[in-house]
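What's counted below: heavy atoms across the whole structure, side chains too, no hydrogens, waters or symmetry copies. For this chain, numbers begin at 1 and follow the sequence in order.
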Amino acid sequence: MKHYFVNFTNHPSAGWEEHQIQEALKYGEILDLPFPTVDPQGDEDDIRRLSEECAGQILTLCPGAVLCQGEFNVVYQVVNRLLEQGVTVLAACSARMVEETDGKKVVTYQFCRFRKYER
């Protein structure tokens with residue numbers, strides 16, 4: 001059975017650094033699944049329904065691992081649902097670099113590693 005590294009974020013893998021791509025490929029073929037737009041006026045029931053839908057969709061993809069980053073409440077619930085099913089869930093860890101030129105800050109991030117969510 002084919003396994004996927006599910007990129008459940010709003011950062012398509014086409015824009016990743018080569019090091020991040022190689023680390024992701026250790027878990028399976030990379031599959032981008034865009035993180036949904038979350039209504040800031042939504043209540044807890046809305047978040048629960050959205051999270052259940054997202055986790056269900058991810059589980060149908062036979063994930064070898066899932067990179068889950070986005071709106072905090074949805075991430076929390078999706079991560080917990082996936083962990084309950086024995087799925088490896090990851091966060092990307094990056095170094096934040098700030099350059100200041102002419103009073104303007106330019107922030108860039110350099111991927112360092114993936115870190116597993118654990119209970």
Handout entry: Glu18 atom CD, over 12 foreign heavy atoms within 6.0 Å
Key =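 For Glu18, atom CD is crowded (more than 12 foreign heavy atoms under 6.0 Å).
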Same apolar cluster: [X] and [Y], side chain cutoff 4.5 Å:
{"X": "Val6", "Y": "Leu25", "value": "no"}
{"X": "Tyr117", "Y": "Tyr4", "value": "yes"}
{"X": "Leu90", "Y": "Val75", "value": "no"}
{"X": "Val87", "Y": "Tyr27", "value": "no"}

Problem - Fellow cluster residues of Met97, listed by chain then number, with links counted only when side-chain atoms sit under 4.5 Å apart - result: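 Same cluster as Met97: nobody, lone residue.
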Practice task
Applying salt bridge (Lys or Arg N to Asp or Glu O under 4.0 Å), name anything that partners Lys26, two or more places apart in sequence or on another chain.
Solution key: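 Partners of Lys26 by the salt bridge (Lys or Arg N to Asp or Glu O under 4.0 Å) criterion, ordered by chain and then number, come out as Glu23.
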Practice task
With the side chain counted from C-beta on, respond yes when Tyr109 and Cys93 share a heavy-atom pair under 4.5 Å apart, and no when they do not.
Solution key: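 No - every pair of side-chain heavy atoms lies 4.5 Å or more apart.
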Exercise for the section: Answer whether the closest heavy-atom distance between the side chains of Phe35 and Val78 falls below 4.5 Å. Expected result: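 SC-SC contact between Phe35 and Val78 ruled out.
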Practice task
Grab the two heavy atoms, one from Gln110 and one from Glu17, that are nearest each other, plus how far apart they are.
Solution key: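 It is CA-OE2, 3.3 Å.
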Handout entry: Considering all heavy atoms, the nearest Asn7-Ser13 contact
Key =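 Scanning both residues, the minimum pair turns out to be ND2-N, 3.6 Å.
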Exercise for the section: Mind checking ring-ring contact (aromatic ring centres under 6.0 Å, His included) for His3 and listing every partner two or more places apart, or none if nothing turns up? Expected result: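 ring-ring contact (aromatic ring centres under 6.0 Å, His included) list for His3, sorted by chain: empty.
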Practice task
Would you please name every residue forming a ring-ring contact (aromatic ring centres under 6.0 Å, His included) with Phe114, sequence neighbours left out?
Solution key: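 Counting only residues at least two positions away or on another chain, Phe114 forms a ring-ring contact (aromatic ring centres under 6.0 Å, His included) with Phe5, Phe111.
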In residues 37-61, what donor-acceptor pairs under 3.5 Å come from side-chain atoms, sequence neighbours left out?
from, atom 1, to, atom 2, distance (Å)
Asp39, OD1, Gln41, N, 2.8
Asp43, OD1, Asp45, N, 3.1
Asp43, OD1, Asp46, N, 3.0
Asp45, OD1, Arg48, NH2, 2.2
Asp46, OD1, Arg49, NH2, 2.6
Asp46, OD2, Asp43, N, 3.0
Ser51, OG, Ile47, O, 2.8
Glu52, OE2, Arg81, NH2, 3.2
Thr60, OG1, Gln57, O, 2.6

Handout entry: Point-to-point distance, once rounded to the nearest 0.5 Å, from CZ of Arg96 to SG of Cys112
Key =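 Reported to 0.5 Å precision, the distance equals 13.5 Å.
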Practice task
Measure the CG-OG1 distance between Asp32 and Thr9 for me, rounded to the nearest 0.5 Å.
Solution key: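 Going from the CG atom of Asp32 to the OG1 atom of Thr9 covers 7.0 Å.
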Donor-acceptor contacts, no H, no angles, side chain residues 62-72, under 3.5 Å, sequence neighbours left out:
from, atom 1, to, atom 2, distance (Å)
Gln69, OE1, Ala92, N, 2.5
Glu71, OE1, Asn73, N, 3.0
Glu71, OE1, Val74, N, 2.8

Practice task
Return yes if some donor-acceptor pair links the side-chain N/O of Trp16 with the main-chain N/O of His11 below 3.5 Å, else return no.
Solution key: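 Pair found, side chain donor or acceptor close to backbone of His11.
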